[in-house]
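The structure displayed is predicted, hence computed values, not measured ones. The sequence lines fix the lettering, A, B, ..., with proteins before strands; numbering per chain opens at 1.
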Amino acid sequence: MNVGAGARTDLTRADVRRPSDIRVDLQMIADMIKPESRVLDIGCGDGQLLRYLVQTRNVVGRGIELSQAGVNASVAQGLSVVQGDADSDLSDYPTQAFDYVVLSQTLQATRNPRRVVSELVRIGRKAIISFPNFGYWKVRWRLLTDGRMPRTGALDYEWHETPNIHLCTILDFVDLCDTLGARVERRISMTSGGRTSLVQRSLHVANLFGEQAVFLVSRQQPQPAR
Amino acid sequence: MPSQGHTVELGRDVPLKLDCGVKLGAFTVAYQTYGRLNEQKSNAVLVCHALSGDQYVASTHPLTGKPGWWHILVGPGRPLDPERFFIICANVLGGCMGTTGPASINPETGKPYGLTFPVITIADMVRAQAMLLDHLGVPDLFCVIGGSMGGMQTLQWAAMYPERVYTAIPIACAARHSAQNIAFHEVGRQAIMADPEWRAGEYSLHNTTPRAGLAVARMAAHITYLSEAALRRKFGRKLQNRSAFTYGFDADFEVESYLRHQGITFVERFDANSYLYITRAMDYFDMSADHGALANVFANTKVRFCLVSFTSDWLFTTWEMREIVHALNAAAADVSFVEIETDKGHDAFLLDEPELHATLSGFLNAAAERRGVAPAASP
């Protein structure tokens, strides 16, 4: 990938990983974000997505990460990241403080996903949320045939050690957005191979064949009074 | 490392208006500088020292002969490299290493101030530093950094002169001094004032010093800088150069001997009245007292913050640092916050903590690049 001159100077302070080497779902999120915008990445890990966005999209990036190791690694790369928790720390942030709030592969591990999603669309003009789809056919098939809690590539934990305490399907998530009055602006579902083309059209098809989903959501604007 | 020690007289034309109402005219500030101010004047760093610190951040201490108190972070190849930054560290107002304090001569009486010295605050210390920057022709700071009381000054800088601060790195501090910390300070002050040699603060007129009182104050304070785990690891119940109890009150235990040593050496380099005044300044520190909620203090701030706390620090806890982070988030400020795992307690900020090193290097490099401060030339 051809990186711009601005990004190239930044590479000197980053580590050896080139910014193009990011996870396919993170790439999909990144592609939804307009350059120069303000981005809050919740559960930013070691800052992979934030660094990519800062380097290639020139965003103003902030992060929240639960694990101290992740925070320290991010700050040591010059990213603005604080140690914090999606469940308890979002209420601090002012309304519409960011253009985008990203919650990548974290929703299912929060204690109160409903409150988290409503906070996301409050803090950000747009929220980008990705999660593993529990409606994926392999998940359904494993449960049906084995009669045990399913393990798949996206959900590779034993039931007793999983951090994923609030799993949902694509349909469930759409319902939650409806309940919260949040508007789904874009939805991408991905097969395990990272392909996206076949499964977009119907929600029910996506819910069956999508292993992961990425949603772009915004708070429903109140209708102007007549 | 090469440095330049200076003193300057400030406030002769425009006196320093202290929080207590007194106008302090013509006072001295003693400071060290390292490196040079660049042409754009964009590379100045102010290092703020802690309660018992001084301006010798990276140079040998003239009284103790020990290396600078933060030579681990300030020096060639270190996160604060004089090849890249113009680093300033000044003895605080009320101090005893050359800046005007209670041990200085009051020009009006010709005698040491003693207790007639006005009570100063953290904000007063910062105002004096701002006057020093004016004198040095430094328009603004690339970074203001400090731990403990130095962290309080750093926060005060960001609150009082946001337009003069590009980045702020408060380490192991709080936005207000806690009841527990005020209590410990009071123990220290009472120890000093209970020493008959203190003589109502006029000991220098009697050619004496409250050595015992100041040493006890230091011993009590020093315990708060460590942690139970560190004390256990370093000393446990080990005896000092003996195999059995003496059944007396000699320093039987290593930990007693260590504390006594800390107390005795401190007396050699610190003024007892300065200790009273500086601990008082910390006690009075409460950033939200004047502004209401802490978030209001930093509303719309452009300052980029990096806060650091240590897991075993019970003097300035992670919880207190996190309170500042919450306020900065509410102000939508640019903030990083790192908690470093260590058993070394509050003192960790002065010690060789690789993670502190990595955090500061990463944060400072990114900010310096953003501001266009050229990196140090490779040797």
Applying side-chain contact (heavy atoms from CB on, under 4.5 Å), run through B:Ser336 and A:Leu79 and close with a yes or a no. CA-CA 8 Å; B:Ser336 292; A:Leu79 299 168; over 6 Å; no

What's the separation between atom CG in A:Asn72 and atom CZ in B:Phe337, rounded to the nearest 0.5 Å? 9.5 Å

CD (B:Glu341) with more than 12 external heavy atoms under 6.0 Å: no

Residues of residues 307-327 of chain B near chain A, each having a heavy atom less than 4.5 Å away: B:Arg322, B:Val325, B:His326

For atom CD of B:Glu39, is the number of surrounding heavy atoms from other residues, nucleotides or ligands below 6.0 Å larger than 12? no

For B:Asn329 and A:Val82, what are the C-alpha separation, side-chain angles and deciding distance, and is it a side-chain contact (heavy atoms from CB on, under 4.5 Å)? CA-CA 9 Å; B:Asn329 281 340; A:Val82 300; 4.2 Å; yes

Flag the one option from A:Ile64, A:Leu40, A:Val71, A:Val81 with the top tally of heavy-atom pairs under 4.5 Å to chain B. A:Val81

Could you work out, with salt bridge (charged side-chain N to carboxylate O under 4.0 Å, His left out) as the rule, every residue matching A:Arg151, not counting sequence neighbours? A:Asp156, A:Glu158

What residues of residues 347-361 of chain B sit under 4.5 Å from chain A when you count only heavy atoms? B:Glu355, B:Ala358, B:Thr359

Proximity breakdown for B:Ala333 and chain A, heavy-atom pairs closer than 4.5 Å: backbone

Working note: B:Asp334 + A:Arg62, criterion side-chain contact (heavy atoms from CB on, under 4.5 Å); need CA distance, chi angles, decisive distance, verdict. CA-CA 7 Å; B:Asp334 188 336; A:Arg62 307 280 165 73; 3.4 Å; yes

To check you understand the geometry: which heavy-atom pair defines the closest contact between B:Ala330 and A:Pro94, and what is its length? O-CG, 3.3 Å

So does B:Arg233 have more than 12 non-hydrogen atoms from other groups sitting under 6.0 Å from CZ? yes

Value for CZ (B:Phe305) from OG (A:Ser80), rounded to nearest 0.5 Å, stands at 11.5 Å

Pairs touching residues 70-115 of chain A that satisfy ring-ring contact (aromatic ring centres under 6.0 Å, His included), sequence neighbours left out: none

Under a 4.5 Å heavy-atom cut-off, does chain B meet the side chain of A:Gln68, its backbone, both or neither? side chain

